[in-house]
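Okay, so here's the structure we're looking at.
Proteins come first, then strands; the chains are lettered A, B, ... in the order of their sequence lines, and each starts at number 1.
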Amino acid sequence: MENKGIFETVKERKTEEKGLVDLPNVEGEVVLRFAPNPSGPLHIGHARAAILNQEYVKRYSGKLILRLEDTDPRRIDPKAYQMIEEDLTWLGVKWDEKIIQSDRITLYHQYAEKLIELGQAYMCTCPGDEFKKLKDQSQACSCRDLSIDDNLKLWKEMPFMSEGEAVLRVKTDIQHKNPAIRDWVAMRIVDFEHPRIGTLFNVYPMMNFAVTVDDHLLGITHVLRGKDHLANSEKQEYLYHHFGWTVPEFIHYGRLKMEDVALSTSQARKGINDGLYTGWDDPRLGTLRAISKRGIKKEALKELMLEIGVKIADTTISWKKIYGLNRNLLEDEANRYFAVFHPEKVIIENLPESDKGVIKRLKHPDFPDRGYRMLPFDGIVYLDQTDLERNESKVLRLMDAVNIVFKDGKTIFHSSSLEEARRSNAQIVQWVPVTSSPDVELVMHDNTILKGLAEPSIEELNPNDVVQLERVGFARLDEIQPKIRFYFAHK
RNA sequence: GCUCCGGUAGUGUAGUCCGGCCAAUCAUGUCGGCCUCUCGAGCCGAUGACUCGGGUUCGAAUCCCGGCCGGAGCACCA
């Protein structure tokens, strides 16, 4: 006993040392960014990037920039700009500055021109497939030899050309052993109205170009990104060198897979449009809004992401893991209520008057100061059908009320005390009074809806409260008007 | 196919850079017992992993080579 304190402090120090690894080469202020493409709401993969960035910003007292990367007019959902901010807010991630790339197109044009003047970019008018053919054989196309003046001239004409006629390429190494790195495209023509800035421009930067210019201008010191960007990081390094800029630290983490969730934004969008899903918050989706609707706390997600960290190896997240972390949080927080989902009305015969009345039960067994809920008990109750079936010839205990037994299709009072129930090996079940018990719905993970009834006190809850429906599981109250609807979280 | 990168218990993770203190950490899950008027929690216990094969070494999860398996990229998307 006396030694316990010592063990605890040792343990504490040990766990403190774990967690996220430090960022490499930290000198001066740390500036990080979270840079999603506004094509839909955030999903669990975005949460990883957002949480990791935020965590490092916190650790180094740095700065976090939110950057919306909307340089492809075709891949934008105008609603996403706002949804992303909402999702980040739910996650508890705060940014110090927000920029939107479509506000900065002119800037990218200026840097593109500068790059041409440096002789490090050229206008390429080759058809894409022809260039690819040459490139795959490590051969430059004739455009690569254009003079700076010729390139500038073509560059000025670019806005008057149409899509596909020309691109601006960055010179890298045409012999680079990875063909993907060879002379990549910096600017291209897009004949498509941009949802935010309309038809102001038709020459747009490619992601790699815009990202590099912005990361430099904003003073980003460390870039956390998925390993799918490994080749992009290498492409971008050429640009940093051309401009003589300092290359930030690139940190790549592995892919995140979520068991049984389909989840690319485009797949989800299609499902929503086809009526397969109810919306971005459909419980079957991996979006943050779906996850939060199911009563998963942001803290659980945060713990998970910090545990996964920044390893480059892929990881598969199991729901059980999330539920386990979440249950640790909910156990204390969630008050308890009764609800019955396959309701069967039962009239208890021979019930002594003395057993009727109002039953009091703690809202939370570990926190008596939260008080009680009251359940009127007059011998007529709803029970879960499956509990009835399982206990046909046995004694059944209604929690905090009485013990009953079934005989010849009738339900008969057996005894009152818990001791008696114990003696009879009775199963103890929740119940709901027949009078004044509101109808409730419980939306399951597969979006099926269970209809049932809950005890009267359920009406004191507010939307967003997460409770434990005893013997059913944890659930989040989604709405109370016009009907009471819960989303199932987990056992 | 080409380029690159990974592979520690069911899942996630520590340890791998600088070989020995690792018969390998922690979490979550699973199983069992106790407890509890919840199928929740708590307590106790159990389970379970270094991808394989060679090599270097007194000694390898850690270093080297090869195989196997897995992933990413190979766009005028991000």
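- With sequence neighbours left out, A/S415 forms a side-chain hydrogen bond (donor to acceptor under 3.5 Å, both in side chains) with A/N403.
- Counting only heavy atoms from C-beta on, A/D366 has its side chain closest to B/G40 among B/G12, B/U38, B/G40.
- For A/V26, the side chain to side chain contact (heavy atoms under 4.5 Å, CB included) partners at least two apart in sequence or on another chain are A/L23, A/V30, A/Y60, A/H222.
- Here B/C37 presents its P atom at 13 Å from OH of A/Y372, a figure rounded to the nearest Å.
- The CZ atom of A/F367 sits 13 Å away from the C1' atom of B/G40 (whole-angstrom rounding).
- In this model, the phosphate group of B/A78 is approached by a side-chain N or O of A/T71 to a distance below 4.0 Å at OP1 or OP2.
- Applying the 4.0 Å criterion to OP1 and OP2 of B/C37, one finds that A/R422 has a side-chain N or O inside that range.
- The 5' end of RNA chain B is approached more closely, in terms of each residue's nearest nucleotide, by A/D387 than by the other of A/C124 and A/D387.
- Comparing B/U28, B/C76, B/U13 against the side chain of A/T315 picks out B/U13 as the nearest.
- Comparing B/U56 with B/C65, their P atoms are spaced 15 Å from each other, to the whole Å.
- Taking 4.0 angstrom as the limit, A/R75 places none of its side-chain polar atoms (N or O) nearer than this to OP1 or OP2 of B/C76.
- Looking at which nucleotide of RNA chain B each of A/L304 and A/N37 is closest to, the 5′-most match is held by A/L304.
- Stretches of at least 3 consecutive Watson-Crick or G-U wobble pairs, with each checked distance under 3.5 Å, appear in RNA chain B as B:1-7 with B:68-74, B:10-12 with B:26-28, B:30-34 with B:42-46, B:51-55 with B:63-67.
- Within 6.0 Å of OH in A/Y372 there are 12 or fewer heavy atoms belonging to other residues, nucleotides or ligands.
- Among the protein residues, A/D70 comes within range of no part of the nucleic acid, since none of its heavy atoms lies under 4.0 Å from any strand.
- Remark: A/R225 engages no residue in a salt bridge (charged side-chain N to carboxylate O under 4.0 Å, His left out) (not counting sequence neighbours).
- Taking atom C1' in both B/G53 and B/A46, the straight-line distance is 34 Å, to the nearest Å.
- Straight-line distance between the C1' atoms of B/A27 and B/G54: roughly 36 Å, to the nearest whole Å.
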Enumerate, atom names and distances included, each donor-acceptor pair closer than 3.5 Å involving a side-chain atom of residues 120-130 of chain A, sequence neighbours excluded.
| unit_1 | atom_1 | unit_2 | atom_2 | d |
| --- | --- | --- | --- | --- |
| A/Q120 | OE1 | A/H242 | ND1 | 3.4 |
| A/Y122 | OH | A/D183 | OD2 | 2.5 |

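- Atom CD of A/Q82 has 12 or fewer heavy atoms from other residues, nucleotides or ligands within 6.0 Å.
- Annotation: side chain to side chain contact (heavy atoms under 4.5 Å, CB included) contacts of A/T106 (sequence neighbours excluded): A/Q110, A/F201.
- Going from atom CG of A/L325 over to atom P of B/U13 covers 13 Å, rounded to whole Å.
- If you take atom C1' in B/A49 and the same atom in B/U8, they sit 6 Å apart, rounded to whole Å.
- Here A/M187 lies out of heavy-atom contact (under 4.0 Å) with every strand.
- The base of B/U38 sits with one of its N or O atoms less than 3.5 Å from a complementary donor or acceptor on the side chain of A/Q468.
- Look at CG on A/N208: it is 11 Å from C1' on B/A75, rounded to the nearest Å.
- Within 4.0 Å (heavy atoms only), A/K320 reaches sugar-phosphate atoms of the nucleic acid but no base atom.
- Every residue was checked against the salt bridge (charged side-chain N to carboxylate O under 4.0 Å, His left out) condition with A/K320, not counting sequence neighbours, and none meets it.
- Residue A/R327 places at least one side-chain N or O under 4.0 Å from the OP1 or OP2 atom of B/G29.
- Look at the C1' atom in both B/G66 and B/U47: the space between them is 35 Å, to the nearest Å.
- Put simply, CE on A/M207 is 11 Å from P on B/C77, counting in whole angstrom units.
- Because its NZ or CZ atom is not both nearer than 6.0 Å to the ring centre of A/F338 and within 45° of the ring axis, A/R361 does not count as a cation-pi partner of that residue.
- A gap of 13 Å separates the P atoms of B/G7 and B/U16, to the nearest Å.
- In this structure A/F367 satisfies the ring pair (Phe, Tyr, Trp, His ring centres under 6.0 Å) test together with A/H364, sequence neighbours excluded.
- Qualifying salt bridge (charged side-chain N to carboxylate O under 4.0 Å, His left out) partners for A/D72, counting only residues two or more places apart in sequence or in other chains: none.
- Using a 4.0 Å heavy-atom cutoff across all strands shown, A/D400 reaches at least one base atom of the nucleic acid.
- At a non-hydrogen distance threshold of 4.0 Å, A/G164, A/V167 from residues 155-169 of chain A come into contact with RNA chain B.
- The CZ-C1' distance, from A/F192 to B/C76, rounds to 15 Å in whole Å.
- Phosphate proximity of B/A78 to A/N232: absent, as no side-chain N or O sits under 4.0 Å from OP1 or OP2.
- Residue A/K491 contributes atom NZ, which lies 16 Å from atom C1' of B/G29 at whole-angstrom precision.
- With C1' as the reference atom, B/A60 and B/G15 are 13 Å apart, rounded to whole Å.
- Backbone-only engagement by A/F474 is indicated by non-hydrogen atom pairs under 4.0 Å involving sugar-phosphate atoms exclusively.
- Pairs passing the ring pair (Phe, Tyr, Trp, His ring centres under 6.0 Å) check and including a residue from residues 159-179 of chain A, sequence neighbours excluded, do not occur.
- For B/C2, neither phosphate oxygen OP1 nor OP2 lies less than 4.0 angstrom from any side-chain nitrogen or oxygen of A/K177.
- Minimum heavy-atom separation, A/P376 to A/P433: O-CB, 3.2 Å.
- Among the protein residues, A/N403 comes within range of no part of the nucleic acid, since none of its heavy atoms lies under 4.0 Å from any strand.
- A cation-pi arrangement is present between A/R373 and A/Y337 under the rule of less than 6.0 angstrom and at most 45 degrees off the ring axis.
- For the C1' atoms, the distance from B/U13 to B/C22 is 16 Å, rounded to whole Å.
- Within 4.0 Å of A/P36, counting heavy atoms only, lies no atom of the nucleic acid at all.
- Closest to the side chain of A/E331, out of B/A14, B/G12, B/G40, is B/G40.
- A/I312 places its CD1 atom 16 Å from the P atom of B/G12, with the value rounded to the nearest Å.
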Per-nt protein contacts along nucleotides 62-74 of chain B (heavy atom under 4.0 Å; B base, S backbone sugar-phosphate only, - none) come out as ---------SSSS
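- Between A/V203 and A/W155 there is a side-chain heavy-atom pair separated by less than 4.5 Å.
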